[in-house]
2 protein chains.
Amino acid sequence: MTAVTIQCCAPIAREPLAEHEAAELAVLLKAVADPVRLRLLSMIGSHAGGEACVCDLTGAFDLTAPTISHHLKILRTAGLIDGERRGTWVYYRIVPETVTRLGALFAPLADPAPASGAPVEVEFVST
Amino acid sequence: MTAVTIQCCAPIAREPLAEHEAAELAVLLKAVADPVRLRLLSMIGSHAGGEACVCDLTGAFDLTAPTISHHLKILRTAGLIDGERRGTWVYYRIVPETVTRLGALFAPLADPAPASGAPVEVEFVST
DNA sequence: CCCCTACTTCGACAATTGTCGAAATCATAG
DNA sequence: CTATGATTTCGACAATTGTCGAAGTAGGGG
């Protein structure tokens, strides 16, 4: 099952999110909004070779295999990771595009007009 | 105003998240992982003057005032917005440090790992 | 072939969450 | 002081979610 690759939405504080954009993003965010899944994601991403098999992951948790599998499925469905079976083991790796998209959503809030594709600089507005 | 950067946690794919870090971040992410709250956040952030009163927000939803208030409370408790009462109305504004912190979590993943398997290509998806 | 290990799917259950209506609080106007 | 409008708190309820054990699929080795 391969996931949807959606791309949309300027940084969250730039302009009001449309209803359907918000709904889409919420699915993605719900997928990361869990301690177990956050750790799974970071374990997979930082694992040597950029991938980890389920057997590398389950040991780190006090949870049963079905539960870990359930969380991995949610991450996969959201398009955050991608799994591949090689022989006995199933290997997961991060889908960088999706993670990057999340990063862009919460990009530093700047004044509404850096115009071109130039990098955005952080600027805090003082009250 | 000084640009405070709250630090916790390198980008998610950099190193395994500690259990308590994951728990903490999950609270923050749960706060944004809802369509209504995402829209609230973006409406507040992109509103003229950088702030919006509750009365500016409720009209955009098909929800009752108590429900909007509930969502605002969750955002506030998570440290994503800050509210201030001025006369009859309550004004909310974004707390940029917290939003920035989320952005840093999903910062573009650099070189994932010492080549041991297939390399991961980092691609930037822009809107 | 049968078994064993790795992983996923299924069905059930308790805990959490989003929503509402009713009632409370808070500030201004009369 | 009372009335009115803006917002929050409270209590209840249905829907969603995280977890488990049991059973299913897939691959490798005797």
Side-chain angles (χ1 to χ4, degrees), chain A residues 1-3 17 19-20 22-41 43-44 47 49 51-78 80-93, chain B residues 17 19 22-41 43-44 47 51-93:
Chain A
M1 130 195 11
T2 350
L17 232 39
E19 210 167 329
H20 72 276
E24 264 175 29
L25 285 169
V27 174
L28 193 50
L29 284 164
K30 270 186 209 295
V32 255
D34 178 278
V36 175
R37 293 195 289 270
L38 273 177
R39 287 180 65 205
L40 282 172
L41 205 53
M43 287 171 72
I44 293 171
H47 199 270
E51 62 181 14
C53 89
V54 181
C55 59
D56 292 324
L57 305 170
T58 44
F61 299 88
D62 208 14
L63 299 171
T64 64
T67 300
I68 297 296
S69 191
H70 166 71
H71 287 300
L72 287 171
K73 183 178 189 173
I74 289 178
L75 289 173
R76 199 178 7 146
T77 308
L80 283 157
I81 59 174
D82 197 11
E84 180 197 353
R85 167 157 229 145
R86 284 206 302 279
T88 308
W89 298 280
V90 176
Y91 293 89
Y92 284 99
R93 56 174 55 238
Chain B
L17 231 38
E19 209 166 329
E24 205 182 284
L25 286 169
V27 174
L28 193 51
L29 284 164
K30 268 186 211 296
V32 248
D34 178 277
V36 174
R37 294 195 289 270
L38 273 176
R39 287 179 64 204
L40 282 172
L41 206 53
M43 287 172 72
I44 294 171
H47 199 269
E51 63 181 12
C53 90
V54 182
C55 59
D56 291 324
L57 305 170
T58 43
F61 300 88
D62 209 13
L63 298 170
T64 64
T67 299
I68 298 297
S69 191
H70 166 71
H71 287 300
L72 287 171
K73 183 178 189 173
I74 288 178
L75 289 173
R76 199 180 8 153
T77 308
L80 283 156
I81 60 175
D82 196 11
E84 180 197 354
R85 167 155 230 147
R86 285 206 301 278
T88 308
W89 299 280
V90 176
Y91 293 88
Y92 284 100
R93 56 173 56 239

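Note that the structure is a prediction, hence the values are computed from the model and not measured. Order of the sequence lines fixes the chain letters, A, B, ..., with proteins taken first and strands second; residue numbering starts at 1 for each chain.
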Nearest-angstrom distance from the residue atom [atom1] of [X] to [atom2] of [N]:
| X | N | atom1 | atom2 | value |
| --- | --- | --- | --- | --- |
| B:His71 | D:dT8 | NE2 | P | 13 Å |
| B:Ile74 | C:dT16 | CD1 | C1' | 11 Å |
| B:Arg86 | C:dT28 | CZ | P | 12 Å |
| B:Leu40 | C:dT19 | CG | P | 10 Å |
| A:Asp34 | C:dT16 | CG | C1' | 12 Å |
| A:Arg85 | C:dC7 | CZ | C1' | 6 Å |
| A:Glu84 | C:dC7 | CD | P | 13 Å |

Original post:
With sugar-phosphate meaning primed atoms plus P, OP1 and OP2, does A:Tyr91 contact a base, only sugar-phosphate, or nothing at under 4.0 Å between heavy atoms?
Top reply: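 Nothing: the residue A:Tyr91, judged by heavy atoms under 4.0 Å, touches no strand.
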**OP:** Could you say whether A:Arg37 or B:Cys53 is positioned toward the 5' end of DNA chain D, judged by the nucleotide with the nearest heavy atom to each?
**Re:**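 Counting from the 5' end, the first nearest nucleotide belongs to B:Cys53.
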Original post:
Mapping A:Gly87 and B:Ser69 onto DNA chain D by nearest heavy atom, which one lands closer to the 5' end?
Top reply: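 Whichever sits nearer the 5' end wins; that is B:Ser69.
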Subject >> Partners meeting side-chain contact (heavy atoms from CB on, under 4.5 Å) with A:His70 (sequence neighbours left out) >> reply: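 If we apply the side-chain contact (heavy atoms from CB on, under 4.5 Å) test to A:His70, skipping adjacent residues, the hits are A:Ile74.
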**OP:** Identify, with sequence neighbours excluded, every residue that meets side-chain contact (heavy atoms from CB on, under 4.5 Å) alongside A:Thr58.
**Re:**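 side-chain contact (heavy atoms from CB on, under 4.5 Å) check on A:Thr58 returns A:Val54, A:Ile68.
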Original post:
When you measure from every atom of DNA chain D, which of residues 55-68 of chain A have a heavy atom less than 4.0 Å away?
Top reply: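 Correct list: A:Asp62, A:Leu63, A:Thr64, A:Pro66, A:Thr67.
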State which of [options] makes the closest approach to the side chain of [X].
| X | options | result |
| --- | --- | --- |
| B:Val90 | D:dT8, C:dC7, C:dT19 | D:dT8 |
| A:Tyr92 | C:dT8, C:dA6, D:dT8 | C:dT8 |
| A:His70 | D:dA6, C:dG18, D:dG18 | D:dG18 |

**OP:** Kindly give the heavy-atom pair with the smallest separation between B:Ala22 and A:Pro35, and that separation in Å.
**Re:**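 That would be CB-O, 3.7 Å.
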Subject >> Rounded distance [0.5 Å steps], CD in B:Glu84 versus CH2 in B:Trp89 >> reply: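 Here the interatomic distance stands at 14.0 Å.
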